[in-house]
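First up is the structure itself, then whatever we jot down about it.
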Amino acid sequence: MSADDRNAPAGRTAKAHGTARTRLGWFLAGGLLVALLLAGVVSSFASGSPDGLDATAREGCTFNADDEITGGTCMAQQEQDHQLADSPLADYGIKGIDNEYVSTGLAGVLGVLVTFAIGGGVFWLARRRGTTDATTGDGGATVGAGAGAGTGTGGNDQAIRDTPAPGTGSTA
Amino acid sequence: MDTQAMHIANGIVDGPVSALFAVLAALGLGVCVWRARADLDDRLAPMAGLVAAFIFAVQMLNFQVLPGVSGHLLGGALAVVLVGPWVGALCVATVLIVQCLLFADGGLTALGLNITNMALIGTAAGYLLVALLMRFLPKTPAGVGATAFIASVLGVVLASQGFVLEYWLGGTTELSLGTIAGTMAGVHTLIGIGEGLIAATTVATVARVRPDLVYALRRFRTAPVAAQPVTVSGGAA
């Protein structure tokens, strides 16, 4: 079914386009859901050991049970606190929530949403408008849709749904 | 010392060198913004947002590589395969900036160092390998997965050597550079293998579901195969 859409002739109509739009929307929603589950749930089961860089930085020093440096020479001795170490989300937790799973999970969910909003927002604003299909043979209809999309957020989806075929358009 | 920190902290590399790399990172990202516009269309823009969010999520998932040592995905090669080098570097940088400003991970002073290593070096190395490998490997989910795996391993090791370079220029402790380079390369080879497995699984899945959303399949296509990158007949090259 998906292959069907991709191989549709460029002129094929709103129905195919509508399906494609839906599929991009579902794909994004699905991907975001996976990211939210990873950051919100799986993250609590991640390894708590220092990562490769941190482990290298600690090499040469000895540590006590509280993870304080007790001797030796290592990079970690020079480590200074983060300027924002007191921020409410510092170290992937939410200040005030004692349950570690909840705290980490919520911080992760928040991080995914903020990253998606900032990344997606900036990329969306910076994109080339209405030019997606300039490289395909699919001239008229697409340009029209692109122009419509530029006028308001409501039209954006319309532009997206016109995009899935350029790879095939140029080679067909 | 908390064990949640994943990136270079403040103080490990001195002020002047950190400032130098902050300038380098800013210039590098500027070039990426300039070049990214050519790639950013109505389909790639939301995909790039998703890639950034996904990398943020997976960076939280530290996996054990040695007793007492963990690692996490950096994401350069993954981003390159899905959204291309310029947008990909910006995706990784976005993650690093959010982590630094919101979650106090990776020093503010060290942000330029972290961006240089993970967003610029890791992505550039990943891109060179992807561009090379996609000429030889089939444009199938398996081919693009193998590409992501190899590009991840080498991208991560090279990114780790970026730190060694920065430490050589501005390290604040007297330690043997050779030892640090060796330790970083060794540990990051293991981390790179873990990252490679995650990246390969991810891009192969996307290539199976929506091959048209995989930059590497669009950008490096050879004419006849490109029409149906997902079909089994990909070997027809």
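Chain A is the first sequence line, chain B the second, and so forth, proteins listed ahead of strands; every chain is numbered from 1. Please read all numbers here as calculations on a predicted model, not as lab measurements.
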Within this structure, what is the CE-CG distance for the pair B:Met118 and A:Leu53, rounded to the nearest 0.5 Å? 8.0 Å
Answer whether the closest heavy-atom distance between the side chains of B:Leu213 and A:Leu24 falls below 4.5 Å. yes
Would you give the length of the straight line joining atom CD of A:Gln80 to atom CD1 of B:Ile12, rounded to the nearest 0.5 angstrom? 9.5 Å
Counting only heavy atoms closer than 4.5 Å, note whether B:Ile97 contacts chain A via side chain, backbone, both or neither. neither
Parallel, tilted or perpendicular: ring planes of A:Tyr92 versus B:Phe103, cut at 30 and 60 degrees: parallel
Main chain of B:Arg37, side chain of A:Arg128: is a donor-acceptor contact present, judged purely on distance under 3.5 Å? yes
Please answer whether the main-chain N or O of B:Ala9 pairs with a side-chain N or O of A:His82 as donor and acceptor at a distance below 3.5 Å. no
Considering only heavy atoms, which portion of B:Ala110 lies under 4.5 Å from any heavy atom of chain A: side chain, backbone, both, or neither? neither
Heavy atoms, side chains only, cut-off 4.5 Å: are B:Leu175 and A:Glu59 in contact? no
Only pairs of heavy atoms separated by less than 4.5 Å count here; which of A:Ala57, A:Ala55, A:Gly111 has the most with chain B? A:Gly111
Under 3.5 Å, is there a donor on one side chain and an acceptor on the other for B:Glu174 and A:Thr73? no
Heavy-atom pairs under 4.5 Å with chain A, option from B:Pro67, B:Gly171, B:Ala38, B:Ala52 with the top count: B:Ala38
Report yes or no: do A:Gln77 and B:Thr172 form a side-chain donor-acceptor pair below 3.5 Å? no
Is any side-chain heavy atom of A:Phe27 closer than 4.5 Å to a side-chain heavy atom of B:Leu50? yes
Max heavy-atom pairs within cutoff under 4.5 Å with chain B, candidates A:Ala117, A:Ser43, A:Gly40, goes to A:Ser43
Examine whether an atom of A:Ala85 lies under 4.5 Å from a heavy atom of chain B, and if so say whether it belongs to the side chain, the backbone or both; otherwise answer neither. backbone
Which portion of B:Leu44 sits near chain A, non-hydrogen atoms under 4.5 angstrom: neither
Using a 4.5 angstrom heavy-atom cutoff, name the option from A:Pro88, A:Cys74, A:Gly30, A:Gly60 with the most pairs to chain B. A:Cys74
Taking C-beta and beyond as the side chain, do A:Gln83 and B:Thr109 meet within less than 4.5 Å on heavy atoms? yes
Distance-minimising heavy-atom pair for A:Leu38 and B:Ala57: CB-CB, 4.2 Å
B:Phe63 versus chain A, heavy atoms under 4.5 Å apart: side chain, backbone, both or neither? backbone
Atom group of B:Val51 that falls short of 4.5 Å from chain A, counting heavy atoms: neither
Side chain, backbone, both or neither: which part of A:Val109 has a non-hydrogen atom closer than 4.5 Å to chain B? neither
Under 4.5 Å from a heavy atom of chain B, the part of A:Val114 involved: side chain
Work out which heavy atom in B:Ala53 is nearest to a heavy atom in A:Leu32; give both atom names and the distance. CB-CD1, 4.2 Å
I need the residue from A:Leu84, A:Leu113, A:Thr56 with the largest number of non-hydrogen atom pairs under 4.5 Å to chain B. A:Thr56
For A:Ala107, which atoms come within 4.5 Å of any heavy atom of chain B: side chain, backbone, both, or neither? both
Among B:Val98, B:Thr94, B:Leu102, which residue has the highest count of heavy-atom pairs closer than 4.5 Å to chain A? B:Leu102
CZ on A:Arg129 to CG on B:Leu40, rounded to 0.5 Å: 11.0 Å
Examine whether an atom of B:Leu61 lies under 4.5 Å from a heavy atom of chain A, and if so say whether it belongs to the side chain, the backbone or both; otherwise answer neither. both
For B:His7 against A:Asp51, the heavy-atom pair lying closest together: N-OD2, 4.5 Å
For chain A, find which of B:Gly71, B:Cys91, B:Cys100 contributes the most heavy-atom pairs closer than 4.5 angstrom. B:Cys100
Region of A:Ala46 in contact with chain B, defined by heavy-atom distances below 4.5 Å: both
Any sub-3.5 Å donor-acceptor pair from A:Ser47's side-chain atoms to B:Asn62's backbone N or O? no
Given the options A:Gly31, A:Gly93, A:Ala126, which has more heavy-atom pairs under 4.5 Å with chain B than any of the others? A:Ala126
Would you mind reporting whether B:Val69 and A:Pro50 have side-chain heavy atoms less than 4.5 Å apart? no
Between the side chains of A:Gln78 and B:Thr173, does any donor sit under 3.5 Å from an acceptor? no
Take atom CG of A:Asp81 as the centre, draw a 6.0 Å sphere, and report whether it contains more than 12 heavy atoms from other residues, nucleotides or ligands. no
